2 protein chains.
Amino acid sequence: MINFTDELRVHNLKATPQRLAISDAMFTHRHINIDALYTIMLKKFNSISLATIYKNINLMLQNSFIQEVKIPNNKSVYELTKKVHSHLVCQTCNEVSDIDLELQTVLDEAQAQSDFLVSKTDLVLSGICKKCR
Amino acid sequence: MINFTDELRVHNLKATPQRLAISDAMFTHRHINIDALYTIMLKKFNSISLATIYKNINLMLQNSFIQEVKIPNNKSVYELTKKVHSHLVCQTCNEVSDIDLELQTVLDEAQAQSDFLVSKTDLVLSGICKKCR
DNA sequence: CTCTGTGCAAAGCGTTTGCAAACGA
DNA sequence: TCGTTTGCAAACGCTTTGCACAGAG
């Protein structure tokens with residue numbers, strides 16, 4: 001269990017118990033959607049409001065403390081901001097996991113082809129995980 | 001202006017005037033979101049309902065006649081199903097365009113690293129397009 | 001002490017549903 | 001003709017807002 005007080009402050013977010021718990025849930029679950037987060041939060045704060053969850057998620061997104069990952073055919077999940085990486089999504093168990101892939105060659109090709117200045121890359125690979133095969 | 005009657009039938013969709021118009025709008029605009037589509041449709045059918053748009057979009061998605069592209073920080077856009085490709089999104093003008101990138105190496109690396117059976121790849125590159133620079 | 005965050009209730013917005021009439025094949 | 005689609009209105013579910021009180025710094 002990590003203490004996220006300083007991490008929050010670095011992103012200009014006051015360290016309230018609710019925010020620390022959200023940070024903790026994201027650290028533990030890696031990728032989590034709003035519903036699952038709300039369920040977890042209810043165990044620690046029996047009268048927490050969904051509005052509080054949404055307000056904090058939105059602030060944390062604005063301050064880049066967390067990131068949204070849009071999943072094909074499913075709800076978005078959220079994760080603590082870390083170094084750039086891609087995602088794997090199992091279409092059977094819906095687990096999302098990180099994967100570190102070398103995309104530089106692809107990005108170079110994209111720049112060359114398109115006259116586009118690429119600043120962000122979102123790669124999601126869907127399929128079936130080892131467990132579900 | 002293409003006649004989409006047969007294309008629709010191939011996907012088990014009756015060729016109604018509304019569906020032909022949706023097909024046409026997608027062909028012309030390449031990538032279009034619900035709002036823009038509704039605006040266009042209203043010009044041809046002054047009493048078309050948003051419910052009709054949604055029902056058709058959902059059917060067309062189920063039957064793989066069209067595909068959804070989830071865009072970071074923005075509404076999803078829809079496109080006619082065509083051969084696999086990636087997407088570029090301009091963060092200034094919001095234009096979405098197709099790009100054909102060689103991803104086999106990356107996919108091989110993913111398979112090797114993850115023990116995952118990858119069946120679908122969604123790559124979205126965000127940045128600034130030539131015009132907006 | 002001051003400003004920000006929380007919880008609640010209500011509002012807002014995009015999407016879906018049920019139904020009767022219209023339409024495609 | 002028969003089954004499907006359309007348009008409308010209502011319902012739904014997720015997200016946001018406004019406000020009074022509580023809490024962080």
Side-chain angles (χ1 to χ4, degrees), chain A residues 3-26 32-63 65-78, chain B residues 3-25 32-63 65-78 94:
Chain A
N3 183 334
F4 282 97
T5 306
D6 295 339
E7 312 279 352
L8 285 166
R9 295 235 179 86
V10 167
H11 292 269
N12 293 307
L13 296 163
K14 280 192 187 175
T16 67
Q18 289 86 344
R19 287 177 186 170
L20 289 168
I22 291 174
S23 309
D24 219 71
M26 289 207 182
I32 194 166
N33 67 31
I34 298 287
D35 292 346
L37 180 59
Y38 183 48
T39 303
I40 290 171
M41 295 294 286
L42 272 177
K43 291 177 188 160
K44 296 193 191 176
F45 307 87
N46 54 28
S47 68
I48 196 176
S49 162
L50 252 179
T52 301
I53 307 273
Y54 278 110
K55 284 171 187 167
N56 281 322
I57 290 288
N58 287 335
L59 264 179
M60 287 172 166
L61 283 171
Q62 281 167 40
N63 298 11
F65 178 67
I66 64 172
Q67 311 232 187
E68 178 178 9
V69 186
K70 293 197 176 191
I71 308 291
N73 313 312
N74 243 310
K75 295 175 186 164
S76 289
V77 296
Y78 300 87
Chain B
N3 182 334
F4 282 97
T5 306
D6 295 339
E7 313 279 353
L8 285 166
R9 294 234 180 87
V10 166
H11 291 270
N12 294 307
L13 296 163
K14 279 193 188 176
T16 67
Q18 289 86 344
R19 287 178 186 169
L20 289 167
I22 290 174
S23 309
D24 220 71
I32 194 166
N33 66 31
I34 298 288
D35 292 347
L37 180 59
Y38 183 48
T39 303
I40 290 171
M41 294 294 286
L42 272 177
K43 290 177 189 160
K44 296 194 190 176
F45 307 87
N46 53 28
S47 67
I48 197 175
S49 161
L50 252 179
T52 300
I53 306 272
Y54 279 110
K55 285 170 186 167
N56 281 322
I57 290 289
N58 287 334
L59 265 178
M60 288 171 166
L61 283 172
Q62 282 165 39
N63 297 11
F65 178 67
I66 64 172
Q67 311 231 185
E68 179 178 8
V69 185
K70 293 197 175 191
I71 308 290
N73 313 312
N74 243 309
K75 295 174 186 165
S76 289
V77 296
Y78 301 86
N94 295 317

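These numbers come from a predicted model, not from an experiment. Reckoned from all heavy atoms, side chains included, excluding hydrogens, waters and symmetry mates. Chain A is the first sequence line, chain B the second, and so forth, proteins listed ahead of strands; every chain is numbered from 1.
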B:Leu50 CG - D:dA11 P separation (whole Å): 19 Å
Looking at D:dG7, I'd like to know if its phosphate oxygens (OP1 or OP2) sit under 4.0 Å from a side-chain N or O belonging to B:Thr52. yes
For B:Leu8 and D:dT4, give me the distance from atom CG to atom P, rounded to whole Å. 17 Å
A:Gln18-A:Thr52 side chain donor-acceptor pair, cut-off 3.5 Å: no
Within this structure, what is the CG-to-C1' distance between A:Leu13 and C:dC3, rounded to whole angstrom? 15 Å
Nearest to the side chain of B:Lys14, which nucleotide is it out of D:dT5, C:dT16, C:dC8? D:dT5
5' priority, DNA chain D, between B:Ala51 and B:Asn12 [closest heavy atom]: B:Asn12
Under 4.0 Å between a side-chain N or O of A:Gln18 and OP1 or OP2 of C:dG7? yes
To the nearest angstrom, the CZ-P distance between A:Arg9 and C:dG5 comes to 13 Å
Does the base of D:dG7 carry an N or O that pairs as donor and acceptor with the side chain of B:Lys55 under 3.5 Å? yes
Taken to the nearest whole Å, CD1/B:Ile22 to C1'/D:dT5 is 11 Å
Under-4.0 Å side-chain N/O to phosphate OP1/OP2 contact, A:Asn56 with C:dG5: no
Name the residue closer to the 5' end of DNA chain C, choosing between B:Pro17 and A:Ser49 according to the nucleotide with the nearest heavy atom. A:Ser49
Between D:dG23 and A:Thr16, is there an OP1 or OP2 to side-chain N/O distance shorter than 4.0 Å? no
Between C1' of D:dT6 and CD1 of B:Ile57, the distance in whole Å: 15 Å
Just the rounded figure in Å: distance from P of C:dG14 to OH of B:Tyr78. 13 Å
Against the side chain of B:Asn58, the closest entry in D:dT5, D:dG25, C:dT16 is C:dT16
So, does A:Arg19 use its side chain to make a donor-acceptor pair with the main chain of A:Lys14 at under 3.5 Å? yes
Once rounded to the nearest 0.5 Å, what's the spacing between atom CD of A:Gln67 and atom OG of A:Ser76? 12.5 Å
If you round to the nearest 0.5 Å, how far is CG of B:Asp24 from CG of B:Asn3? 9.5 Å
Rounded to whole angstrom units, what separation is found between the OH atom of B:Tyr38 and the C1' atom of C:dG14? 13 Å
Euclidean distance, A:Asn74 CG relative to A:Asn33 CG, rounded to 0.5 Å: 8.0 Å
